[in-house]
2 protein chains.
Amino acid sequence: MSVTIKDIAKHAGVSYSTVSKALRDSPLVKKPTKTKILKIAEELGYQPNVAARSLVQKKSFTIGVAWPSVERVAPSILITKINDLLEEHSYTTLLSINKLESAIATFNRFQVDAILVFGETEEEINNLKIQSTVPILYYGIEQHSSFPTIDVNRRLAIKIAVDYLQTICHQHIAFIGDLSSTDPMQKDKLLGFLEAMGIERPSDSPEFIVPTNGLEVHDGYLAAKSLLSSNKQVTAIVSGSYDLTRGILRAASEIGLTIPTDLSIISYDNIPQAENLDVRLTTVGVPITRIAQHISQTLLTIIEGETAENSIILEPELSIVDSCAPLP
Amino acid sequence: MSVTIKDIAKHAGVSYSTVSKALRDSPLVKKPTKTKILKIAEELGYQPNVAARSLVQKKSFTIGVAWPSVERVAPSILITKINDLLEEHSYTTLLSINKLESAIATFNRFQVDAILVFGETEEEINNLKIQSTVPILYYGIEQHSSFPTIDVNRRLAIKIAVDYLQTICHQHIAFIGDLSSTDPMQKDKLLGFLEAMGIERPSDSPEFIVPTNGLEVHDGYLAAKSLLSSNKQVTAIVSGSYDLTRGILRAASEIGLTIPTDLSIISYDNIPQAENLDVRLTTVGVPITRIAQHISQTLLTIIEGETAENSIILEPELSIVDSCAPLP
DNA sequence: TTGTATGCGTTATCAT
DNA sequence: ATGATAACGCATACAA
């Protein structure tokens, strides 16, 4: 049986409403009584009952995150960041790994203050039978006007990378990316490459588009190995993800290519580079901290009831460092 | 504003206590009224308020999962399975990625019925300041008597693998595993290898212990490449994880070794092998479905208030298939 | 400054 | 078979 404010009241010899005020640090209660009550609460290991509180306040200070694909690594870093930011505003995040439909139902029953949905396709969202009382924010689907959405412009990111390579005189530029799944995020990157290179269909220029079988380091390694061992005169590679890039670097070093002298690389990326690589990577993308800030800010806004702007698209930045050099 | 049983009552022209009974499918209410009420509830998109319910029932039918390290892939498959099993008993799981201390606090405030803690070290657990009203089950720490624990005998698993290889005449057996972190689970596997081989310290026989820099496919690939290119006469490899094994297979095939003719491999593993590899792997470990069943069963038991057996250790199985053959 | 009373949405008990 | 009412833990408007 857990301890309630009434227990504290009994110990302190005051009424339980005084305890309630003291715990909420109300100015309506004298310093001495307040400290005394706080001390007793501490000793008794009091934890406020969210159920009771959210019943009366109609607010739980909790944000539900629907996350059907726990297996994916990239979003998990983002979630951690968002969680930290929301914590600063005294909100807690709770994740559900159920199917989207039942995750939303659960969060509604729990009366969370807002729901964040991660990387579902637009079709899944439109097929939802459920109507949610709680406001929902979607991340990682294509822009759409009928519900609030926040996303990253991946197409433009890759385009920026290619454009930059071209301005520093590269012509034989290859794209290594994962096209094995139906993941729209990965497809978007290819589209950016095609657009920047002025290619209509991938089949028009298959020699410079190297599809991988996944997003792991080894997938990048295999793709780069096959590309670089062939005798195509590639001078630059645009990589679809940080992990793929790590594999590419490994392949290049095995073949004896120096970065950026023999080969330039720009990596799509929005995660901080913890790992110490041989080269500091030139990257393009939206920094993950910026994404996290936007998402948590938007969540707080829609909780306030102010209808936030629908369809926010974050624009990528090119961060030029060492893995990329102009052609003579 | 969300719809309550009172709203339904108004629409149906009955008292709200009747609605409550109807929704809970009580036999105390007539068929016609029941169906009518259910229909209205459906139309109005009614979702029961967990706060109110758990306040009076002192039960939320929810299990909190403390999961501070979202980034790791292996446990996520396990969580998904546990979630499915609990769902069959009409329990919902909610994950928290906060630090253990605040995750437990949150779950206590939410009055979840039980908490499952994933892969913390014993030290962290002993340092917890917080006292939890809610029963806690720990997974993936060393056995300990003072709180309920469930874990897998990894040491024995690797030992079984080595023993088996020795009975089929292998002598030059190598171990490839991740020793880069302080993860006790990985250390345990090494201990099993040392024990089975009769080695005191790793430094006594460094040529057959190949540490990797992580648990990814590529880490296994690199380790195997260096091991197999050297001229040590290794006839069998015991691998610390499924991903490492994938890398090892890749390296072997590049070098031109046929499995199991030229090289036997036993992989530690407790995940189902979705991927189609060239060889069906001989594995050792506790099947993940069995782990999930034990965990969810134990959770339900401790919720009932029956003090479950402390420190359950699941014993591994050897599953002999194709990647392993006797030496002539 | 402190105490009393009311209501949040639901279940459960009791009366009709 | 249905309705009225108390109780769960808490916040808050109001009374003292």
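Worth saying up front: this structure is predicted, and the values here are computed from it rather than measured. So that the names make sense, note that chain A is the first sequence line, chain B the second, and so on, each numbered from 1.
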Set of residues satisfying salt bridge (Lys or Arg N to Asp or Glu O under 4.0 Å) with respect to A/Asp113, sequence neighbours excluded: A/Lys59
Categorize A/Ser54 for me: base, sugar-phosphate, or nothing, with a 4.0 angstrom heavy-atom threshold over every strand shown. nothing
Counterpart residues, side-chain contact (heavy atoms from CB on, under 4.5 Å), relative to B/Ala51 (two or more places apart): A/Ala51, A/Ser54, A/Leu55, B/Asn49
Test applied, side-chain contact (heavy atoms from CB on, under 4.5 Å); reference residue, B/Tyr46; option that passes from B/Ile40, B/Val3, B/Ile37: B/Val3
Rounded to whole Å, please give me the gap between CG in A/Asn49 and P in D/dA11. 10 Å
If only side-chain N and O atoms of B/Lys6 are considered, is one of them under 4.0 Å from the OP1 or OP2 phosphate oxygen of C/dT10? no
Residues that A/Thr33 engages under side-chain contact (heavy atoms from CB on, under 4.5 Å), provided they are two or more places apart: A/Val29, A/Lys30
Evaluate the side-chain proximity of A/Tyr138 to A/Asp151: yes if any heavy-atom separation is below 4.5 Å, no if none is. no
Salt bridge (Lys or Arg N to Asp or Glu O under 4.0 Å) contacts in which one or both residues fall within residues 90-109 of chain A, not counting sequence neighbours: none
Ring pair (Phe, Tyr, Trp, His ring centres under 6.0 Å) against A/Phe61, all qualifying residues, sequence neighbours excluded: A/Tyr91
Round to a whole Å and report the spacing from CD1 of B/Ile8 to C1' of C/dG9. 11 Å
Looking at the side chain of B/Thr4, which of C/dT11, D/dA11, C/dG9 is the nearest nucleotide? C/dG9
Any B/Lys59 side-chain N or O less than 4.0 Å from OP1/OP2 of C/dT11: no
What pairs meet the side chain to side chain donor-acceptor pair (under 3.5 Å) rule with one or both residues in residues 11-22 of chain A, with sequence neighbours excluded? A/Ser15-A/Ser17, A/Ser15-A/Thr18
side-chain contact (heavy atoms from CB on, under 4.5 Å) partners for A/Thr289, two or more places apart: A/Lys81, A/Pro287
B/Asn83: which residues meet the side-chain contact (heavy atoms from CB on, under 4.5 Å) condition with it, sequence neighbours left out? A/Ile97, A/Asn98, B/Thr93
Taking five pairs at each end of the helix from C/dT1-D/dA16 to C/dT16-D/dA1, what angle separates the two helix axes (nearest 10°)? 50°
Rounded to the nearest Å, what distance is computed from the CG atom of residue B/Leu55 to the C1' atom of nucleotide C/dG7? 12 Å
Taking only residues at least two apart or on different chains, which pairs with a member in residues 36-56 of chain A satisfy salt bridge (Lys or Arg N to Asp or Glu O under 4.0 Å)? A/Lys39-A/Glu43
Of the listed D/dC8, D/dA11, C/dT2, the closest approach to the A/Gln57 side chain comes from D/dA11
Considering only heavy side-chain atoms of B/Tyr46, the closest of C/dT10, D/dG9, C/dT2 is C/dT10
Tell me which residues in residues 14-31 of chain B put a heavy atom below 4.0 Å from DNA chain D, sorted by number, or none. B/Val14, B/Ser15, B/Tyr16, B/Ser17, B/Thr18, B/Lys21, B/Leu28, B/Val29, B/Lys30
Mind listing the residues from residues 102-115 of chain B sitting with a heavy atom below 4.0 Å of DNA chain C? Number order is fine. none
